Amino acid sequence: MSRLPLRSAALFRTLVAVGTGLLVLTACAENRLEASVQPGTDTPAATETTQSFSQWRNTFRQQALAHGIDARLFDATFQGLEPDPAVLNADQSQPEFTRPVWAYLEGALSTQRQATGRVMLNRHAATLQQIEARYGVDRHILVAIWGLESNFGSNMGDRSVIRSLATLAHQGRRSGFAQTQLLAALEILQRGDVSAANMTGSWAGAMGQTQFIPTTYNDYAVDFDGNGKRDIWHTEADALASAANYLNASNWQRGAPWGMEVRMPEGFDYAAADMSIRKTLEEWAQLGVTDARGRALTSHLHEPATLILPAGYRGPAFLIMNNFRSILRYNNSTSYALAISLLAERLQGGGQIVASWPTDDEPLSRSERVELQEQLEAQGYEPGAVDGIIGANTRQAIRRLQMALGWPADGYPDRQLLKALRQTSR
């Protein structure tokens, strides 16, 4: 490969960094949409509708008015509104490949994001101090969320939230959920916090500098600057305080840690790495768990914690505590919550991971995850729904198979496991 001129090479590195950042921001919005849907509350697959958009809109209008939405507001908001094909395409596309956690963290914890985060901590120090005092949420966590959700307000999404949600409510994979969000968005307009023209966000309807979906906005957004509007789009104080209010309502514990990286002893039973299992740090220490450098656990020994292995037993291990679970309420993705926690520490000069990631272990593609579940089901391991999503049921099925094979039962899906299933099915 020929060497790029210095200015071209610098431009190339910048474009790569920007692209990686956009991938992280897009993943945040999409993860939140997925996480906000509770099982059994909505249609599970792409909707085949026989209604035209205008027919759907007329039916929805009746529901909105019965819900208390003003008829004139509804008609003005929907005047000339048509579905957004790009939103429907984004909703119905399911990527075949997903990035491994270490690649996600590399983008989320970029040196540029850290540098900008430190600037924002200084620039908004007085406001962050007031927010921290009122809600008890650490300012570094808030700035980390701000940085990951919208790149500190520079990438909030520019699509009409009303149009996006109307598109998804008419023909999206989760039309019922989108309709609930659309009603909530109309409530926001009716309250006067923002105009329809200024209510912009991601294709999935996440809004503002902290990427709230409309129901979350209605429940937790605050008017921190006291101007009469809860403006998470243009007012940093409102956006950051709203995030703090949400975390505070999600059982955030003032002054408590999110967790820590740890080291496991030889022969450890990795079946204990499960979100449903909580032990005090003292109990984990009695099992031989130490900090990442092999030193004894000495603080918060009576606090409950859960062991997670984001890349299986071959990768870094973490004991997560209550505040990590509060971040999961914000976005139900372990990779996201880990990125927020580590970025908050990086902003303070820490947050380095000691153990190495198994970068030679290429994650399974979506079709391979589906095959894994099919094989597990065929061989009696009961993985639950065959949908390519590695949830709690699938992890338990994987553990049962791993124990049958005499392998570490970490519940992590990899190619070696799929290969073993293929061989036993012959």
Side-chain angles (χ1 to χ4, degrees), residues 26 29-94 156-208 210-221 229-234 242 387:
T26 300
E30 293 177 359
N31 286 345
R32 179 167 300 100
L33 179 65
E34 299 288 338
S36 300
V37 184
Q38 298 300 315
T41 62
D42 214 343
T43 51
T47 303
E48 293 288 342
T49 180
T50 57
Q51 279 190 321
S52 68
F53 183 75
S54 60
Q55 289 173 325
W56 167 84
R57 181 188 59 223
N58 292 337
T59 301
F60 178 66
R61 183 181 188 275
Q62 296 175 0
Q63 297 173 359
L65 268 56
H67 190 74
I69 300 302
D70 181 77
R72 289 173 297 180
L73 171 69
F74 185 97
D75 294 339
T77 302
F78 276 80
Q79 183 177 6
L81 191 73
E82 295 292 338
D84 188 339
V87 167
L88 198 58
N89 289 338
D91 178 59
Q92 295 183 349
S93 64
Q94 299 186 52
M156 296 181 284
D158 57 3
R159 295 188 179 278
S160 162
V161 168
I162 296 295
R163 187 184 183 196
S164 294
L165 291 175
T167 301
L168 295 170
H170 172 234
Q171 204 176 356
R173 286 185 296 144
R174 297 168 177 81
S175 58
F177 174 76
Q179 184 165 298
T180 298
Q181 296 306 316
L182 183 55
L183 281 171
L186 290 170
E187 290 176 347
I188 295 169
L189 296 180
Q190 188 158 286
R191 194 179 299 111
D193 282 316
V194 67
S195 67
N198 288 325
M199 184 186 274
T200 55
S202 73
W203 69 263
M207 311 180 301
T210 47
Q211 293 290 279
F212 275 14
I213 56 176
T215 51
T216 300
Y217 177 99
N218 283 340
D219 289 341
Y220 302 107
K229 295 182 184 296
R230 300 183 295 173
D231 187 356
I232 63 173
W233 291 268
H234 307 103
S242 296
D387 54 11

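Fair warning: this is a prediction, and the values are worked out from it, not measured in the lab.
- Within the model, atoms CG of D193 and CH2 of W233 stand 7.5 Å from one another, a figure rounded to the nearest 0.5 Å.
- The heavy-atom pair separating L81 from A166 by the smallest distance is CD2-CB, 4.1 Å.
- Considering all non-hydrogen atoms of both residues, L168 and W203 come closest at CD1-O, 3.8 Å.
- A 4.5 Å side-chain heavy-atom check between Q171 and F53 finds every atom pair outside the cut-off.
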Next item on the list: Please lay out, stage by stage, how M207 and M156 fare under the test side chain to side chain contact (heavy atoms under 4.5 Å, CB included).
Entry: CA-CA 7 Å; M207 311 180 301; M156 296 181 284; over 6 Å; no

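- Side-chain contact check for F60 versus L186: some heavy-atom pair is nearer than 4.5 Å.
- Q51 contributes no side-chain N or O that, together with a main-chain N or O of T59, makes up a donor-acceptor pair within less than 3.5 Å.
- Checked against P214 for a side-chain contact (heavy atoms from CB on, under 4.5 Å), the options I188, D219, L183 give a single hit: I188.
- Not counting sequence neighbours, the partners of E187 by the side-chain hydrogen bond (donor to acceptor under 3.5 Å, both in side chains) test are H67, N218.
- Considering all non-hydrogen atoms of both residues, M199 and A185 come closest at CE-O, 3.5 Å.
- D158 places no side-chain N or O within 3.5 Å of a backbone atom of T200 that could act as its donor or acceptor partner.
- To the nearest 0.5 angstrom, S52 atom OG is 8.0 Å from R57 atom CZ.
- In terms of heavy-atom proximity, L165 sits nearest to A204 at CD2-O, 4.0 Å.
- Side-chain atoms of I213 and F177, non-hydrogen and from C-beta on, do get closer than 4.5 Å to each other.
- Under the side chain to side chain contact (heavy atoms under 4.5 Å, CB included) criterion, L65 pairs with R61, A71, F74, sequence neighbours left out.
- The CD1 atom of I69 sits 4.5 Å away from atom CD of Q190, with the distance rounded to the nearest 0.5 Å.
- No donor-acceptor distance shorter than 3.5 angstrom exists from the side chain of T167 to the backbone of L88, with no hydrogens or angles considered.
- Residues that satisfy the side chain to side chain contact (heavy atoms under 4.5 Å, CB included) test with S195, not counting sequence neighbours, are A197, N198.
- Looking at every heavy atom in both residues, R163 comes nearest to P83 through NH2-O, 3.0 Å.
- Counting only heavy atoms from C-beta outward, the side chains of R230 and S242 never approach each other to under 4.5 Å.
- Between the side chain of N58 and the backbone N or O of S54, at least one donor-acceptor pair lies under 3.5 Å.
- I162 has its side chain within reach of L189: a pair of non-hydrogen atoms, C-beta onward, lies under 4.5 Å apart.
- The nearest pair of heavy atoms linking K229 to G192 is NZ-O, 2.8 Å.
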